[in-house]
Number of protein chains: 2
Amino acid sequence: MEKQTVTIYDVAREAAVSMATVSRVVNGNPNVKPATRKKVLEVIDRLDYRPNAVARGLASKKTTTVGVIIPDVTNIYFSSLARGIDDIAMMYKYNIILTNSDENGGKEVQVLNTLMAKQVDGIIFMGNQVTDELREEFKRSKAPVVLAGSVDSEKAQPSVNIDYVAAVAEAVKNLIDHGNQKIAFVSGSMEQAINHDYRLKGYKKALKDAGIAYDDKLVFETDYTYKAGQSLEPALSAAGATAAFVGDDELAAGVMNGLTDAGVDVPSEFEVITSNDTKLTELVRPKMSSITQPLYDIGAVAMRLLTKLMNNETVEENTVILPYGLMKRSSTK
Amino acid sequence: MEKQTVTIYDVAREAAVSMATVSRVVNGNPNVKPATRKKVLEVIDRLDYRPNAVARGLASKKTTTVGVIIPDVTNIYFSSLARGIDDIAMMYKYNIILTNSDENGGKEVQVLNTLMAKQVDGIIFMGNQVTDELREEFKRSKAPVVLAGSVDSEKAQPSVNIDYVAAVAEAVKNLIDHGNQKIAFVSGSMEQAINHDYRLKGYKKALKDAGIAYDDKLVFETDYTYKAGQSLEPALSAAGATAAFVGDDELAAGVMNGLTDAGVDVPSEFEVITSNDTKLTELVRPKMSSITQPLYDIGAVAMRLLTKLMNNETVEENTVILPYGLMKRSSTK
DNA sequence: CGCAACATTGAAAACGCTTTCATATCAAAG
DNA sequence: CTTTGATATGAAAGCGTTTTCAATGTTGCG
């Protein structure tokens, strides 16, 4: 009892018009006599006709779906962006094919290829390591690609971000102003552009401005997990750090809880400032001070930018920088 | 300079074979002489041919993509399921079209329709309120639908869940065993089947078993947000509750922090147990005791079930119940 | 060597729509 | 009435595959 599908042809026959006319009314083409339109609409309603988007995609070469590559949906930072992306996408009648990449280069390339095979009209990429291979794929893609909350040292792709260098510098300066001399820099892999090309740069800048020598013993490269942060405490203390800038909220929560559990009081004995201003910052105690980012908007703006690109509209600026801020909560003095 | 796409026809011409043969090698059909296969493969490689999935979808009536309806990606409970779904989907060569519904019936119906228009091969639905309209749409869908971590009182759809009634009953019994007599039931909308048909039932059962009278003054219906939980404190105290079962982790974190901030000590003065065992339970202090659920697995199993359904394999049991547990952390005595 | 049986291949018809181009229709103008 | 310039409509050619069916090759065996 396979359900029978009604096609545009059925509608045409029943309404005694041509497929072309049905297509016109379905697509809102104005060149249809109102009476005809009405007649067709009635038949469509009666037969419960629903256009087949696949056929449409083949004929029109537009699928109204965009691919979204995300490191891990489970990471609030990225899922917040994703939410912004999806909302705007829906607003513009696009759908999202979402795939987790785990920031794994091989997987990313593979995913990118299947997205292209599926003829997505555009792609939003999140992930902070754009390998050469990936960059090549981006180039060969006929669908525009925009990076959201992610940077590429080559700056080849349109992207939406905040000014990470300035934001981190400001955050670290804040820590310095509180009298800290030994400030740890805790982040994910240094291979990621966002860490070595932006955050670390901001960190160094703040130190330099304050006349503090850079000491790579204070740089902790780990992964973006709660556990990783939690187990960092002994090392942090051993290095003599009295404060830390952390590149991810979950990681920061781990760091903070690890400290607290070890009897180090935050913020009186150790200050922590984090980067992404996700809801996690408010959940933990003490609440975490953070660089603030318009997470939802980064996604939303990236998607909006993508719609323009897909539409061949000229965009004034391919690299958009959204404003950041510093939110003082209770993990800093 | 529109990028030129190479089609199966180009490959056929260059390899001096028919499209049919190319199609065969692309699809791994064994009826091709090894020599021919090799020749075709070389041409494919040389021309960098990539099959157009849309055309393929039209011709084969299979798109290898499934639709996923999620209340909000930003909610860790659901994003954890989504992660399981995506991983298994990828394993079976499917892609995911992900859309947020905000549990809004109208939006859900609309989304469902566009998914069907896009000819998805199957659908995974998350959201705990299956309206009649939605149920109708499910029925008319020729793509199989499975509910993940979500229940429908009608039990019409295949689904993957835990035994909510038993789990909640056990959680509440635990609270009772600690000497609590006035236990609050805090959840989202009572219109959701999971709340009124399952959790509340479990709650009542536990009370009854312990000979405690049910008092609807202890039932707090709110929304699943941190803020909502946080602002519940005065009401909770006013009702004289000394413990609470909460239906969502973020909400529970709010409840707990609200209590703590108001000077009520958890767990000595007030115990809290939550439902979803997401990472949040470990982030907050005190860590939250929770019903444990195999979140990732719920998604994974749902997707696996869906693959079977899409494949017309006979499945022994449409309604799968995964095991739950109780994890004692520090928000209960 | 001849033929059955099977392995390979190709031609062409779908798949369900959009879009171009030509034809028809029609109201207003001459 | 004819002519003209829209305005409406239809025919048919794609879009890039899969798939069916028939045709052709090939092999083994008597």
Side-chain angles (χ1 to χ4, degrees), chain A residues 2-41 43-44 47-65 93 114 116-121 142, chain B residues 2-41 43-44 47-65 93 114 116-121 142:
Chain A
E2 190 54 28
K3 277 126 180 166
Q4 192 53 53
T5 67
V6 1
T7 73
I8 197 174
Y9 182 78
D10 299 319
V11 176
R13 181 168 30 71
E14 288 288 311
V17 298
S18 71
M19 292 164 50
T21 299
V22 177
S23 176
R24 287 190 187 97
V25 350
V26 167
N27 291 297
N29 183 317
N31 300 345
V32 181
K33 194 161 40 163
T36 316
R37 179 187 310 280
K38 181 153 174 289
K39 185 173 58 176
V40 172
L41 251 15
V43 175
I44 286 181
L47 302 189
D48 190 29
Y49 165 68
R50 328 233 188 140
N52 178 322
V54 174
R56 233 205 263 240
L58 183 57
S60 69
K61 293 169 167 295
K62 299 224 163 302
T63 54
T64 65
T65 110
K93 315 277 189 203
T114 98
M116 286 163 47
K118 295 214 167 167
Q119 313 296 120
V120 295
D121 296 337
K142 56 178 154 187
Chain B
E2 189 55 29
K3 274 125 180 166
Q4 192 53 51
T5 66
V6 1
T7 73
I8 198 175
Y9 182 76
D10 299 318
V11 176
R13 182 169 28 72
E14 288 289 310
V17 298
S18 71
M19 292 165 47
T21 297
V22 178
S23 176
R24 287 190 188 99
V25 349
V26 167
N27 291 295
N29 183 315
N31 299 345
V32 181
K33 193 161 38 163
T36 316
R37 179 187 310 281
K38 181 152 176 288
K39 184 173 56 174
V40 172
L41 251 15
V43 175
I44 286 181
L47 302 189
D48 190 29
Y49 165 68
R50 330 247 189 124
N52 178 323
V54 174
R56 233 206 263 241
L58 182 58
S60 69
K61 293 171 167 298
K62 299 224 163 302
T63 54
T64 65
T65 109
K93 315 278 189 204
T114 97
M116 286 164 47
K118 294 215 168 166
Q119 314 296 120
V120 295
D121 296 336
K142 56 178 153 186

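Chain letters run A, B, ... following the sequence lines, proteins first and then strands; every chain starts at 1.
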Please report, rounded to the nearest Å, how far the [atom2] atom of [N] is from the [atom1] atom of [X].
{"X": "A:Y9", "N": "C:dT18", "atom1": "OH", "atom2": "C1'", "answer": "17 Å"}
{"X": "B:K33", "N": "C:dG10", "atom1": "NZ", "atom2": "P", "answer": "10 Å"}
{"X": "A:K62", "N": "C:dT18", "atom1": "NZ", "atom2": "P", "answer": "14 Å"}
{"X": "A:I44", "N": "C:dG16", "atom1": "CD1", "atom2": "P", "answer": "16 Å"}
{"X": "B:M19", "N": "D:dG16", "atom1": "CE", "atom2": "P", "answer": "10 Å"}
{"X": "A:D10", "N": "C:dG16", "atom1": "CG", "atom2": "P", "answer": "9 Å"}
{"X": "B:I8", "N": "C:dA14", "atom1": "CD1", "atom2": "P", "answer": "19 Å"}
{"X": "A:L58", "N": "C:dC17", "atom1": "CG", "atom2": "C1'", "answer": "8 Å"}

Map B:R50 and B:R24 onto DNA chain D by nearest heavy atom, then report which one ends up closer to the 5' terminus.
-> B:R50

What nucleic acid atoms does [X] come within less than 4.0 Å of, heavy atoms only: base, sugar-phosphate, or nothing?
{"X": "B:V17", "result": "sugar-phosphate"}
{"X": "B:A16", "result": "sugar-phosphate"}
{"X": "B:S23", "result": "base"}
{"X": "A:N52", "result": "sugar-phosphate"}

Under 4.0 Å between a side-chain N or O of [X] and OP1 or OP2 of [N]?
{"X": "B:T5", "N": "D:dG16", "answer": "yes"}
{"X": "A:N31", "N": "D:dT9", "answer": "no"}
{"X": "B:R56", "N": "D:dG16", "answer": "no"}
{"X": "A:Y49", "N": "C:dC17", "answer": "yes"}
{"X": "A:S18", "N": "D:dG10", "answer": "yes"}
{"X": "A:K61", "N": "D:dG16", "answer": "yes"}
{"X": "A:T36", "N": "D:dA8", "answer": "no"}
{"X": "B:T21", "N": "C:dT8", "answer": "no"}

Assign each of B:A20 and A:A59 the nucleotide of DNA chain C bearing its closest heavy atom; nearer the 5' end lies the nucleotide of B:A20

Less than 4.5 Å apart, side chain to side chain, heavy atoms only: is that true for [X] and [Y]?
{"X": "B:R24", "Y": "B:T21", "result": "yes"}
{"X": "B:V25", "Y": "B:I44", "result": "yes"}
{"X": "A:M19", "Y": "A:V22", "result": "no"}

Evaluation steps, side-chain contact (heavy atoms from CB on, under 4.5 Å), between B:V26 and B:R56 = CA-CA 11 Å; B:V26 167; B:R56 233 206 263 241; 4.0 Å; yes

Residue set satisfying salt bridge (charged side-chain N to carboxylate O under 4.0 Å, His left out) with B:D121, at least two apart, ordered chain then number -> none

Side chains of A:T64 and B:K118: donor-acceptor distance under 3.5 Å anywhere?
-> yes

